[in-house]
Student: 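Got a structure for you, written out below as structure tokens; questions coming shortly.
Residue numbers start from 1 in every chain, and the chains themselves are labelled A, B, ... in the order their sequence lines are given, proteins ahead of strands. Computed from a prediction, not measured in an experiment: that's the story for all the values here.
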Number of protein chains: 2
Amino acid sequence: MNSQAGINLDISSDSIVDRVYEQLKAMAISYEFKPGERLNEGELAKRLGVSRTPLREALNRLNTEGFLRFTPGKGFFCRELDAHEIFDLYELRKSLEIASVRLAIKRAKDEDIDALLAFLQATGPDPGERSSVELVELDETFHERLMAMSGNAEMLRVLRNVNARIRFVRWIDMDRINRSNTQAEHRAVVEGLKARDEETCVTVLEKHIDRRLDRITSAIKEGYAQIYMPAARG
Amino acid sequence: MNSQAGINLDISSDSIVDRVYEQLKAMAISYEFKPGERLNEGELAKRLGVSRTPLREALNRLNTEGFLRFTPGKGFFCRELDAHEIFDLYELRKSLEIASVRLAIKRAKDEDIDALLAFLQATGPDPGERSSVELVELDETFHERLMAMSGNAEMLRVLRNVNARIRFVRWIDMDRINRSNTQAEHRAVVEGLKARDEETCVTVLEKHIDRRLDRITSAIKEGYAQIYMPAARG
DNA sequence: GCATTCAATACTGAATACAAGACTGAACGC
DNA sequence: GCGTTCAGTCTTGTATTCAGTATTGAATGC
């Protein structure tokens, strides 16, 4: 049985494909491409300073991961900002997290739980002003570490994919979230985990995610506004 | 709100990449490649009668979907028959199915439920002898249709990926499954769904999947045997 | 004035060619 | 005899090229 801490899906490499992949993913996540826009391979390749071959490999990866859409004979398209899809992804995330915390209650090592508490402690006070992007990153890290304690690498893999795909919406969403509330809920989940109290964990987590789910519709509307204001990104 | 029946992730095309992708996936699923084996791109390309370019696109897809492993500078490798990974996938599947049936109870249309019952009726009697492969296919179809009734396309997408990755193990597993038992359990879930009885659905489904989970370890051992007996596949 | 068709252009799909890096085997030194 | 190093070969990584197809725009006919 491998340790929870041993789960690591990182693949670090510096090949051109990987670099292009990361660049494109960042672009796709931040909707630097307009929803529905077709991506011109030649132009993109020139812009990124690579040939079409590695570019297409990267585009294909992003397609299978759901960041882009591909139509044979037509090419790659930026995905639409589909409210239903975002909703589905949130629902998927909720299901995964609740299932994983149930597993974590049985499997998590006390030292890992304490480490997560320490992480919350360290990142909690919110010194000065954190950007929305940073807050989402911290939030994702917390939830991924929580899931890692389930010991299930496949669930973690899916969660990471989901998180990346809903990240843009969350950037907007995070602006209006009560940060200290979030912090308290996170702590409550981990405390519940430490006490091996399944009901508390599941209940808090469920509400915690549901609260965000409620705001999605309006967040998406704001999303559209932000997408069409390139000034915000420079 | 789009209909449950409207969910369709099929992308049918006849491009070389798609064809090669399907061929490779079939090969990967059936472990025609030996676990851990490195795939020689040039040789594979020649064997499949295509150039390396579309082959690599297909290989990349399979890598992101977890059917193959890729190491930069080294190439593509057949995934190991990892008991822990299979276990994780089963656990993921169980989590997804239980979550989705809860959603289906709220959302499924009676006509869709009846259609699924009809499907069970039609495929139930098991005329003559069905092969293990066919049984798995029927089983997957049932579970995917059940999940489609949750209305969540993303969960369905993940389930399909999971199913494909554990298919090989299930072929072996299915041999020793009590078919009429399975049939009865499937029916019980759908009946529970029709009655909007969450507890019944979840309980039956949980046991249904757990029962398979129990056999995985031994199934994997047999799997190794079958992998190294190419005669069985011709 | 509008629709339809044809041609030109541009883009994707795939193959080939070339470069860079990894592995293998032998030979040399310790 | 064993280890290390170097060279040759093989494989992957990327670019370029060519072919096929879709789209767009203009011109002609109704």
Student: Between L59(A) (CG) and dG13(C) (P), how many Å, whole number?
Tutor: 11 Å

Student: Mind checking the OG1-CZ spacing from T182(B) to F142(B)? Nearest 0.5 Å is all I need.
Tutor: 10.5 Å

Student: Determine the interplanar angle of the F70(B) and F76(B) rings, folded into 0 to 90°, and report it as parallel if under 30°, tilted if 30 to 60°, perpendicular if over 60°.
Tutor: tilted

Student: With respect to the side chain of S51(B), which nucleotide from dA15(D), dC11(C), dA14(C) is positioned closest?
Tutor: dA14(C)

Student: Just how far, in rounded Å, is C1' of dA15(C) from CD1 of I16(B)?
Tutor: 9 Å

Student: From the options E140(A), E144(A), E65(A), select the one residue that forms a salt bridge (Lys or Arg N to Asp or Glu O under 4.0 Å) with R160(A).
Tutor: E144(A)

Student: Return the value, rounded to whole Å, for the distance between atom CD of E41(B) and atom C1' of dA15(C).
Tutor: 14 Å

Student: Is a donor on one side and an acceptor on the other found under 3.5 Å between the side chain of D88(B) and the backbone of N152(A)?
Tutor: no

Student: Whole Å only: how far is the CD atom of E57(B) from the P atom of dG13(D)?
Tutor: 15 Å

Student: Can you check the L55(A) CG to dT16(D) C1' distance for me, whole Å?
Tutor: 15 Å

Student: Kindly point out which of dA15(C), dT11(D), dG13(D) is positioned nearest to the side chain of R52(B)?
Tutor: dG13(D)

Student: If we ignore hydrogens and angles and just use 3.5 Å, is the side chain of R107(A) paired with the main-chain N or O of S150(A) as donor and acceptor?
Tutor: yes

Student: dC11(C), dA14(C), dG13(D): which one has an atom nearest the side-chain heavy atoms of R56(B)?
Tutor: dG13(D)

Student: Report yes if a side-chain nitrogen or oxygen of R38(B) is closer than 4.0 Å to either non-bridging phosphate oxygen (OP1 or OP2) of dT12(D); otherwise report no.
Tutor: yes

Student: Note the angle between the end axes of the helix from dG1(C)-dC30(D) to dC30(C)-dG1(D), five pairs defining each, rounded to 10 degrees.
Tutor: 10°

Student: Any salt bridge between R61(B) and D18(B), counting N to O under 4.0 Å?
Tutor: yes

Student: If you check every side-chain atom of V17(A), which of dA14(C), dT14(D), dT12(D) has the closest atom?
Tutor: dT14(D)

Student: Take atom CD of E43(A) and atom C1' of dT12(C), then tell me their distance rounded to the nearest Å.
Tutor: 15 Å

Student: Which whole-number value in Å describes the distance from L44(A) CG to dA15(D) P?
Tutor: 14 Å

Student: dA10(C) P sits how many Å from K46(A) NZ, rounded?
Tutor: 12 Å

Student: Which part of the nucleic acid does L39(B) contact within heavy-atom distance under 4.0 Å: base, sugar-phosphate only, or nothing?
Tutor: sugar-phosphate

Student: I want to verify a distance call: between dA22(D), dA14(C), dT12(C), whose nearest atom is closest to the K74(A) side chain?
Tutor: dA22(D)

Student: From the options dT12(C), dT14(D), dA14(C), select the nucleotide whose nearest atom is closest to the side chain of S15(B).
Tutor: dA14(C)

Student: What's the spacing between E57(B) CD and L62(B) CG if we round to 0.5 Å?
Tutor: 12.0 Å

Student: Can a donor-acceptor pair under 3.5 Å be found between the side-chain atoms of T53(A) and the base atoms of dA15(D)?
Tutor: yes

